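Below is one structure, written out as structure tokens; comments come after it.
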There are 2 protein chains.
Amino acid sequence: MSGTHTEKYEQQRREAIRSAAAVFAEKGYHGSSTRDIAEYMGIKQGSLYYYFKSKEDALTEVCLYGMQDYVERMNSISSSDQTFREKLVATITSHITKYREKNEALRVYNAERLYLPESKRTRLKELGTGYRQQLEQIFAEGIEKGEVRSSIDCQFAAHAVIGMCNAWGEFIDRHPDMDLFQLIENCVDLLINGFKQTENN
Amino acid sequence: MSGTHTEKYEQQRREAIRSAAAVFAEKGYHGSSTRDIAEYMGIKQGSLYYYFKSKEDALTEVCLYGMQDYVERMNSISSSDQTFREKLVATITSHITKYREKNEALRVYNAERLYLPESKRTRLKELGTGYRQQLEQIFAEGIEKGEVRSSIDCQFAAHAVIGMCNAWGEFIDRHPDMDLFQLIENCVDLLINGFKQTENN
DNA sequence: TGCGCAATCTATAGAACTATAGAAAACTAG
DNA sequence: CTAGTTTTCTATAGTTCTATAGATTGCGCA
């Protein structure tokens with residue numbers, strides 16, 4: 001498959017995926033036309049079909065592109081030998097900075113993937129589940145090592161962290177001048193210590 | 001304006017708004033057609049324009065409908081004389097149960113409001129800002145009364161709570177058999193106490 | 001019963017959108 | 001420069017969508 005394609009083809013295809021990501025992120029999947037994507041990329045509407053079989057195919061590729069290195073980063077965080085707190089910081093940092101780096105593809109994955117038919121979503125589900133399970137594992141280890149209290153439900157915790165990151169991701173996308181460093185610090189502090197008054201204070 | 005309309009008209013208009021909410025929630029604003037909405041409601045496509053000036057107008061009404069009693073509930077929570085913890089529980093319960101009650105309109109507000117032009121969003125912004133400010137106020141009082149540590153940034157905290165509730169709202173919508181009571185308890189526990197090991201344990 | 005208004009329907013204009021087919025242009029190698 | 005290949009373009013068939021206009025049906029009241 002990939003052997004049959006030119007260097008330029010692969011390059012332009014990646015460009016097409018990035019363009020689709022940018023347009024989908026701004027207007028939503030159904031709100032975007034193939035003409036919008038082509039124009040963003042600087043080619044004509046019909047030419048886009050040299051790179052995508054269909055608009056749906058474009059969405060599939062964008063979602064995969066958005067998840068892939070995101071999951072890879074989680075792999076390396078999860079398998080490192082950092083403390084629970086360090087891993088939590090790394091996870092949140094990785095997740096949130098992805099939004100600032102203009103990885104529109106991740107936003108598209110979050111907001112639009114459900115418009116894909118089941119059949120085209122299995123790979124995406126695997127990636128998402130893998131990501132979540134690694135995060136659950138980090139919590140399980142945190143409990144073992146005594147850094148996290150044992151009453152924490154790891155599945156709940158993983159979902160909560162992911163949900164919070166996505167919520168802030170959307171937010172910082174609309175507030176480009178926000179201080180990410182401060183935000184990450186606040187998130188970690190809240191998640192680890194909670195709102196309540198500390199005893200020795 | 002409203003005086004010129006029949007009882008039946010008002011009733012059907014509410015029905016139209018609810019139908020639009022259901023359809024928009026499932027397919028997204030751009031993914032829904034006016035025919036979809038009309039069919040859901042049991043009338044013909046053209047008849048919908050007896051109740052909405054335009055599709056965009058329908059979205060505006062749905063978003064307003066979704067926010068309104070939501071904000072009202074927050075008013076009464078915020079002005080009650082409960083403790084911080086009680087108010088937090090009430091807020092999260094109100095927010096999360098709204099999703100289970102099939103208030104699709106709230107999901108539509110969250111996911112689709114940005115497709116409205118600025119001019120039609122000012123009222124919505126006011127409502128959203130009002131909601132958030134009341135939540136910030138709850139945190140400020142929590143700090144005053146010593147229930148919340150003073151290092152918490154109230155604006156950050158309010159956003160974090162709203163973001164987490166919305167994330168779980170989306171989730172429970174796809175998992176109808178989930179135990180909301182348990183979920184709410186977990187959320188409150190996490191937000192107040194955090195992940196970390198407690199001293200006396 | 002029949003008049004008048006309210007509510008819904010049918011039909012359609014006009015625009016936009018996806019996907020394809022085949023022509024044209026750009027590029028590569030000999 | 002030429003022939004073959006890759007990439008892009010033009011044109012369009014076939015659908016679908018929004019919004020409107022005018023006909024039709026249903027309803028309450030004199």
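Because the structure is a prediction, the values reported are computed rather than measured. Chain letters run A, B, ... following the sequence lines, proteins first and then strands; every chain starts at 1. Side-chain atoms are counted along with the backbone in the values below, which use heavy atoms only and exclude waters and symmetry mates.
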### Message
Distance check needed: C:dA6 C1' versus B:H5 NE2, whole Å only.
### Response
10 Å
### Task
Mind calculating the distance between CD1 (B:I43) and C1' (C:dT10) to the nearest angstrom?
14 Å
### Message
Can you build the contact string for nucleotides 18-30 of chain C? Use B for base contact, S for sugar-phosphate-only contact, and - for no protein heavy atom under 4.0 Å.
### Response
BBB----------
### Message
Rounded to whole Å, how long is the line connecting atom CG of A:L48 with atom P of D:dT7?
### Response
15 Å
### Query
Do the two ring centres, one from A:Y50 and one from A:Y9, sit under 6.0 Å apart?
yes
### Message
Output the rounded distance in Å from NE2 (B:H30) to C1' (C:dA16).
### Response
14 Å
### Query
Rounding to a whole Å, what distance do you find between A:Q11:CD and D:dT6:P?
17 Å
### Message
Is it true that, when you exclude B:Q134 itself, more than 12 heavy atoms of the residues, nucleotides or ligands shown sit nearer than 6.0 Å to its CD?
### Response
yes
### Task
Give the rounded distance in Å between these two atoms: CD of A:E10 and P of D:dT6.
13 Å
### Message
I want to check one thing: is the phosphate of D:dT8, taken as OP1 and OP2, less than 4.0 Å away from some side-chain N or O of A:Y51?
### Response
yes
### Query
Does the side chain of B:Y99 come under 3.5 Å of the side chain of B:N110 through a donor N or O and an acceptor N or O?
yes
### Message
If I take atom CD in residue B:E39 and atom C1' in nucleotide C:dT8, what distance separates them, rounded to the nearest angstrom?
### Response
15 Å
### Query
Which atom names give the shortest non-hydrogen contact between B:T91 and B:M74, and what distance separates them?
CG2-CE, 3.5 Å
### Message
Parallel, tilted or perpendicular, judged at 30° and 60°: which one describes the rings of A:F195 and B:F84?
### Response
perpendicular
### Options C:dA7, D:dT10, C:dC9, nucleotide nearest the side-chain atoms of B:T6
C:dA7
#### Entry: Given DNA chain C, 5'-ward residue of the pair A:D36 and B:K44, judged by closest heavy atom
B:K44
### Query
Can you tell me if the side-chain N/O atoms of B:Y50 get under 4.0 Å from OP1 or OP2 in C:dA7?
yes
### Message
Does any part of the side chain of A:R73, heavy atoms only, come nearer than 4.5 Å to the side chain of A:K98, both counted from C-beta?
### Response
yes
### Query
Is the B:W168 to B:H95 ring centre distance short of 6.0 Å?
no
